[in-house]
Amino acid sequence: MAKFPDNFLWGGAIAANQAEGAYLEDGKGLSVPDMIKGGTVDTPRMITTSVHEGEYYPSHEAIDFYHRYRDDIKLFAEMGFKCFRTSINWGRIFPNGDDAEPNQAGIDFYRSMFQECKDLGIEPLVTLSHYELPYALAKNYGGWANRALVDLFVRYARLCFNEFKGLVRYWLTFNEINCLCAPFGNIYGGGVVPDEDNVALDYGKPFAWDDISRRYQALHHQFVASALAVTAAHEIDPANKVGCMIASRAVYPYSCKPEDMLLSQETARMATYYCGDVHVRGAYPVWAPRFWRERGIHLEQQPGDAEILAAGCVDFFSFSYYKSSTVASDPSVPTAKGNVFYDDAVNPYLPVSDWGWAIDPKGLRWLLNELYDRYRIPLMIVENGLGAADELVDEDGEKRVHDPYRIDYMRDHIEQMAEAIDDGVDLMGYTMWGPIDLVSAGTGEMKKRYGFIYVDKNNDGTGTLDRYRKDSFYWYKHVIETNGEDLG
Ligand code: BGP
């Protein structure tokens, strides 16, 4: 098996809105996720137009990382993390997104968090926008459908690059920017929210109020904003490295029928390459105009946009990988539950997680090869992991979690990363998703746990918030200690 490079960035990833809580503390404004209630794998989350008194919104307290980050980062350091990915919540810096002055308390909070990382030898990797647009921008501007957000974002990004210069040098612009290729991305990625109160977020299903032209327009605005941010980051500190972040998956044709083959090609294009090409090659792919035309998408591009995109290419390609997708042109083929992007067909060769996601480590090797062949810039896996229901048990006066399933999942994926490195892929790091249990973006649950660290909190918001090391904690520590040579 190939060796991981000496400077490989082992670590974990979280997002502000799923971990921090303190949703109105120290001057923070409301963010879009603060308006989304909890759900389950079978019950959709609901978005409201105001915070309903007495109802449970998971982001409001989350896992209280805002107050506990020092202890939590110490636990990451104990595992030997080289890198910690988190996001800045835009609403802590500019509570309404368009305020004349930034909120100093928000800047101070992130500065001390990044300093804590630095003191412990951990490199922060910071996402500027991870599913948490300031709610005022959603309500008053219509979210990213409004071009005005480009300048507001760039102003926020520039402020972060200036304030955290010397502390942060790895940045991501938009988390899973390609979520806007699917209806659910309206809310999480685009901040395009419904006018009605209490609307269900049913993934994979078309939203009645979805407007595909508006959605792709919002995505175009994010591309322009991202490219301008990349250019600004380089100008402010040439040491900055900025990546894109795309939810990626291996896409398989259900059968060798040519129709299935073509469908898998189209799905992969829209899943990964539509956004990847703009970020890495600085231009839309050649097949985009036909895609727009056939779907009635009218994209407004301003003079100069093409140059902005071409000038703001990313330094590395980062992505999340949880599962693969199988697509069938025959609608009678049974579909799998738990799919965020499309109605995937059931792949008979793959097991699924309790939340219905197809577990496919070899798909990761395949994807790494595809991406590197196409783009030839360093790759980084910034999310990967298993959402599972863990049990906290009392043993000899100690509280423990035995999670061999998580260890198996991660070992199998890390093995395939090593294979891909052997194939010649330049892979710079791996920040698994959710080193500490946190709120699920998809379902809003706490029960869907990814962590090496158990957080005592339940779906209904009860719990002590105490932290406990799971078996996987010690396993990952050993993986990092041996630089991936001994996977246990
Ligand atoms: C990605 C998001 C993360 C994270 C992860 C797991 O799409 O970037 O924010 O939540 O998925 O998904 P979930 O929380 O739905 O299990």
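Indexing begins at 1, ligand by ligand and atom by atom, following the structure's order.
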Going by the atom numbers of ligand 1, which of them fall below 4.0 Å from some non-hydrogen atom of Q18? 3 (C), 4 (C), 9 (O), 10 (O)
Which one of F114, F76, Y170 satisfies the ring pair (Phe, Tyr, Trp, His ring centres under 6.0 Å) criterion with F84? F76
Contact check, M245 vs ligand 1, heavy-atom distance below 4.0 Å: no
Verify whether one side chain among T267 and S264 offers a donor that lies under 3.5 Å from an acceptor in the other. no
Would you mind telling me if ligand 1 is within reach of the side chain of S440, the backbone, both or neither, using heavy atoms under 4.0 Å? both
Return a table of donor-acceptor pairs under 3.5 angstrom between the side chains of residues 425-436 and protein atoms on other chains or two or more places apart.
residue	atom	partner	partner atom	Å
Y430	OH	N384	OD1	2.6
T431	OG1	V382	O	3.1

Can you list everything that forms a side chain to side chain contact (heavy atoms under 4.5 Å, CB included) with E55? Sequence neighbours excluded, please. K37, H52, Y57
Within a distance under 4.0 Å of any heavy atom of K448, pick out the atoms of ligand 1 and give their elements. 13 (P), 15 (O), 16 (O)
Going by heavy-atom distance to atom 12 (O) of ligand 1, choose the closest among Y322, W357, W433. W357
Under-4.0 Å heavy-atom contact with ligand 1, by part of N175 that carries it: side chain
A15-ligand 1 polar pair, N/O distance under 3.5 Å: no
Please determine which of R449, K448, R467, K447 meets the side-chain hydrogen bond (donor to acceptor under 3.5 Å, both in side chains) test together with D437. R449
Can you find an N/O atom of G442 closer than 3.5 Å to an N/O atom of ligand 1? yes
Please check this pair: side chain of T464 against backbone of D466, looking for a donor-acceptor N/O pair closer than 3.5 Å. yes
Looking only at heavy atoms of Y450, does any of them come nearer than 4.0 Å to an atom of ligand 1? yes
Testing the 3.5 Å rule here: is there a donor-acceptor pair between the side chains of S112 and Y69? yes
